[in-house]
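All remarks here apply to the structure that follows.
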There are 2 protein chains.
Amino acid sequence: MNDRLFKCLVESNRRRILYCIGEKEMCVNTISDCLNLEQSLVSHHLKELFRCGLVERERRGKKNFYSVADPKILELLEKAHELGDSLEVCNLD
Amino acid sequence: MNDRLFKCLVESNRRRILYCIGEKEMCVNTISDCLNLEQSLVSHHLKELFRCGLVERERRGKKNFYSVADPKILELLEKAHELGDSLEVCNLD
DNA sequence: ATAAAATATGAATAGACATACATATGAACG
DNA sequence: CGTTCATATGTATGTCTATTCATATTTTAT
């Protein structure tokens, strides 16, 4: 996994998108409605996610349906959350 | 796992530091020598890693020894690499 | 107490990146 | 063909952050 992929995976709105389409494929408008994000922003993020191979795309009529490319992606995020919960955060501010 | 922790975990030089001290605890100078990074840069990164609970610190004499806080951290990075290898990257540039 | 070694901190800068806005492209349908 | 819906793209901008340099702090030894 290269740097770009790592970073693509952890940005918060992109993670939200992944969670969102993780349950069921969704078109761009639905995603932006669900997450309350600008359409163009969602589109930009989807482009990067696609570029990194994290999502798949399927055109049906006017709509583009996106889905998570591999269930392992969500599993990894899940494991990350578990790990985060078990760490002792040391606030130095 | 919050946003800050995610991002702390994936930055490339911080990952290098984690890999570096994963095998054996190290002091700051040794880390900067191993990775060929400025001492102050390593120190800044270690501060953030510590703040997020990803590394532990132990003072011995003049030196500060750092180690990975939990083996699960490296396991997670390992899983991320495996996942990355199995994804089809779609270069859109 | 002074010096040296090891590390931490502060500030300044440059580069990356998320976001927003405007506009372009493409697909269906009358 | 023109219109509308759905999405993509280009650009500009502000924000975040990695890095560097200079300096401060801490610890040990003389």
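Note on naming: letters A, B, ... go to the chains in the order of the sequence lines (proteins, then strands), and numbering restarts at 1 for each one.
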Whichever of Lys62(A) and Ser43(A) has the more 5' nearest nucleotide on DNA chain D, that residue is Lys62(A)

Checklist entry - Can a side chain N or O of His45(A) be found less than 4.0 Å away from OP1 or OP2 on dT19(C)? => result yes

Are any of Lys47(A)'s side-chain N or O atoms less than 4.0 Å away from OP1 or OP2 of dT9(D)? yes

ask   = Could a donor-acceptor pair under 3.5 angstrom be found where the side chain of Gln39(B) meets the base of dA6(C)?
value = no

By side-chain hydrogen bond (donor to acceptor under 3.5 Å, both in side chains), Asp70(B) pairs with (sequence neighbours left out) none

Taken to the nearest whole Å, CD/Glu58(A) to P/dA6(D) is 17 Å

Taken in chain and number order and not counting sequence neighbours, the residues that satisfy side-chain hydrogen bond (donor to acceptor under 3.5 Å, both in side chains) with Glu58(B) are Arg60(B)

Those residues at least two apart in sequence (or on a different chain) that pass ring-ring contact (aromatic ring centres under 6.0 Å, His included) with Phe6(B) are His81(A)

To the nearest angstrom, the CD-P distance between Glu48(A) and dC17(C) comes to 8 Å

Ignoring hydrogens and angles, write down the donor-acceptor pairs under 3.5 Å from the side chains of residues 32-45 of chain B, residues two or more places apart or on other chains.
from, atom 1, to, atom 2, distance (Å)
Ser32(B), OG, Val28(B), O, 3.0
Ser32(B), OG, Asn29(B), O, 3.1
His45(B), ND1, Arg14(B), NH1, 3.2

*Check whether any side-chain N or O of Arg4(A) sits under 3.5 Å from a backbone N or O of Lys7(A) as a donor-acceptor pair, and report yes or no.*
no

By side-chain hydrogen bond (donor to acceptor under 3.5 Å, both in side chains), Asn13(A) pairs with (sequence neighbours left out) Arg16(A)

Whether His44(B) stacks on the six-membered ring of dT9(C) base, 5.5 Å and 30° limits:
yes

Leu46(B) atom CG is separated from dT9(C) atom P, nearest whole Å, by 11 Å

So, with a heavy-atom separation below 4.0 Å from DNA chain C, the residues of residues 9-37 of chain B are Cys27(B), Val28(B), Asn29(B)

From CZ of Phe6(A) across to C1' of dC17(C) the rounded distance in Å is 19 Å

Comparing Lys7(A) with Phe65(A), nearest DNA chain D nucleotide closer to 5' gives the residue Phe65(A)

*Do any side-chain nitrogens or oxygens of Tyr66(A) fall under 4.0 Å of OP1 or OP2 in dA8(D)?*
yes

Between Arg59(A) and Glu38(A), whichever has its closest DNA chain C nucleotide further toward 5' is Glu38(A)

Ile73(A) and Leu18(A), any side-chain heavy atoms less than 4.5 Å apart: yes

Separation of dA18(C) atom C1' from Asp3(B) atom CG, nearest Å, is 12 Å

- Hey, is the side chain of Arg57(A) poking within less than 4.0 Å of OP1 or OP2 on dA8(D), counting only N and O atoms? yes

Rounded to whole Å, CG of Leu41(A) lies from P of dG14(D) at a distance of 17 Å

